[in-house]
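Sequence lines set the chain letters: A, B, ... in the order given, protein chains first and strands last, and positions in each chain run from 1. As a basis for the values below, the full set of heavy atoms in this structure was taken, side chains included, without hydrogen atoms, waters or symmetry mates.
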Amino acid sequence: MSHSIRSKPVYTPLEYDARGMHNLLVGLAEGVDALKEMIDRAGDAFNPAITDIMIAGTPDELASIEPFFLKDDYPYIRFYEDKNELIEGLPSYFSQMNMGFRFYCAGPEQFIWDAAAMATRAHVHEQQMQVEGRGSQARRVTCTHCGAFTSDVTTNIVPCSGCGLHLFLYDHFSRRLRAYMGFRVDAEIPGELPEVVEVFK
Amino acid sequence: MNQKQVIPVFVSEIKQLTPIIKQFTLTAKEGELPHFSGGSHLVVTMDSKPKKHKNPYSVVSISPDRKSYVIAIRRDENGRGGSMYMHDQVEVGSELEISAPYNLFPLYPPAQKHILIAGGVGVTPIMGFMKDMPFMIGDYEVHYARRSEEHGGFDEPLKEMVDADRLHFYNDAKGIFLDIRELMSDQPLGTHVYVCGPTGMINAVLDAGKELGWPDGAVHYEIFKSHETGKPFVAKIASTGQEIHVSEDESLLEALERSQFNIDYLCRGGACGFCKTAVVDGVPEHRDYFLNDQEKESNKFIMPCVSRCQGNQIVLAL
């Protein structure tokens, strides 16, 4: 697969920006490790007193993560078993923030771009926001033919949830739609599909 | 856009706005003038003998018939003479050449709120912004600081353009100062700040932005540096070995132009980056606002419109 598609996200480790006056750290599942690593790298520059925490994961994941975040005195900390509940709470949170705000988010790719879209809608500037993909690379794909979205795709080819065409998952990623582009793979010879293999784990 | 487009104009009106600022109406000798977006500047070429001056000025407005631009110029006694020529020599009927407007300081249309800060003659691009403001989705406010009411020549035109509840005046003489840090504190997400004014005011905005955690991309400023004199030096052309002597009151860009080098330029004030030139040898004395710190420290580039040479000679990759 080509990696020359410029829209495909390339992630670098989260880097704590000590200029921020108030921070929100959001993590899902493996993404929490990325947050912890950022905090460790920042050392004394990291200030829990101006940092809010929102973490989502399975009950087991949360149980193992909680001690790390409960040892410091964060003004606001919340754990979610439902990641969608976390995402849905972001707009009202962002509405209370000002221009000194910084947003850090790590986790599976579909999740971080859902969170980033909420931030963008709340007018968080791109320089106030960092995301890092960790864990599942399963993709959401938007069909170029019918526009429907198909989520949690791990294979190179997937039937569209809208029109049923077999879509090839292309590397072009739309931050606005939070999805990769998919187009019909058997347009030349209908029914003739390449081998379907799992590629986005 | 044709940046080298030369538009012949004549001065159709001059108003003394403050003791040190005159407003000039420049009218096209023929045809219509290009539209401009708020924040644009144009370069005025003054054929003052023995040398030509080319200075950038913000466009305040364009007439409804697109025949005239309005600009305003502060008389700078410590400058190299361009503004003094405009104040002392130019009169109604004088002919000048201007470039088409170019915008290095545009409004950011997606912003939710625009905070416009101006000091003294720096209000001119802010007045230009008002033309575009009806098309912006965000709210706005204007903060204008001037020395005293005697220097309030822009007050009335501003009041005509800006709603009273969005317009704030500051008056140094009366001790009514603009607290930039206070103003920039606790602004909602999506706010952008724009500043044009004295260096101290621009630095205060940049410093407050850093202290308060503003992203750099939300802090906009415009500063044109007029070329300041310096000691003479030699610019050597790497490809031919030609040596060009740059005198103390001449910019490197002017010396190159005098020697028939066709260097791209736009603002001639160290801001736009068009005249960026590679340096083969020698140490530049950087005076521009375009190169970043790394580029400046590398000594591999120079902005010949304002920057000079630390030693006696600089070798250019031309």
Side-chain angles (χ1 to χ4, degrees), chain A residues 12 14-26 38-39 42 44-52 54 74-76 87 89-105 114-131 174-177, chain B residues 39 105-117 132-133 135-143 166 168 178-195 201-221 289 292-294:
Chain A
T12 52
L14 298 175
E15 189 179 349
Y16 183 68
D17 179 356
R19 271 176 54 184
M21 300 286 278
H22 200 96
N23 311 308
L24 173 63
L25 274 53
V26 167
M38 177 187 82
I39 292 168
D44 292 343
F46 178 70
N47 185 0
I50 57 163
T51 302
D52 298 327
M54 296 183 190
Y74 296 99
Y76 179 89
I87 296 281
L90 289 175
S92 69
Y93 177 89
F94 291 141
S95 70
Q96 301 164 51
M97 293 298 116
N98 70 23
M99 287 302 288
F101 178 60
R102 292 294 183 279
F103 176 50
Y104 305 88
C105 180
D114 283 349
M118 289 297 186
T120 301
R121 270 184 226 166
H123 314 294
V124 177
H125 194 279
E126 60 179 16
Q127 293 170 350
Q128 292 172 297
M129 175 178 358
Q130 293 181 40
V131 297
S174 164
R175 283 154 177 74
R176 185 176 64 85
L177 300 174
Chain B
F105 188 47
L107 288 169
Y108 179 69
Q112 295 301 295
K113 181 176 179 184
H114 308 267
I115 299 178
L116 313 178
I117 301 174
D132 296 339
M133 206 49 94
F135 306 103
M136 296 292 136
I137 53 174
D139 205 346
Y140 74 96
E141 50 192 59
V142 176
H143 298 267
R166 293 192 169 92
H168 307 270
L178 166 59
D179 185 339
I180 286 172
R181 198 178 188 286
E182 172 67 23
L183 175 64
M184 289 174 67
S185 298
D186 205 23
Q187 288 292 346
L189 292 172
T191 306
H192 283 242
V193 64
Y194 309 76
V195 58
M201 174 182 254
I202 291 172
N203 287 339
V205 169
L206 295 177
D207 289 348
K210 285 201 169 69
E211 274 175 45
L212 297 168
W214 282 56
D216 293 340
V219 180
H220 310 263
Y221 63 100
Y289 297 94
N292 63 36
D293 290 344
Q294 279 178 338

Ranking Gly209(B), Pro188(B), Gly213(B) by heavy-atom pairs under 4.5 Å to chain A gives rank one to Gly213(B)
Smallest heavy-atom separation, Leu212(B) atom then Met21(A) atom, equals O-CG, 3.1 Å
How long is the gap from CE on Met99(A) to NE2 on His192(B), to the nearest 0.5 Å?
6.0 Å
I need the minimum non-hydrogen distance between Gly217(B) and Gln127(A), along with the two atoms involved.
N-OE1, 2.6 Å
Under the 3.5 angstrom rule, does the side chain of Arg19(A) hit a backbone N or O of Trp214(B) as a donor-acceptor pair?
yes
Please assess Thr191(B) against His125(A) for the test side-chain contact (heavy atoms from CB on, under 4.5 Å), listing each intermediate value before the final yes or no.
CA-CA 9 Å; Thr191(B) 306; His125(A) 194 279; over 6 Å; no
Glu15(A) atom CD, neighbour heavy-atom count above 12 within 6.0 Å
no
Does any heavy atom of chain A fall under 4.5 Å from the side chain of Gln187(B), the backbone, both, or neither of them?
both
When rounded to the nearest 0.5 angstrom, what is the spacing between CG in Leu189(B) and CZ in Phe94(A)?
8.5 Å
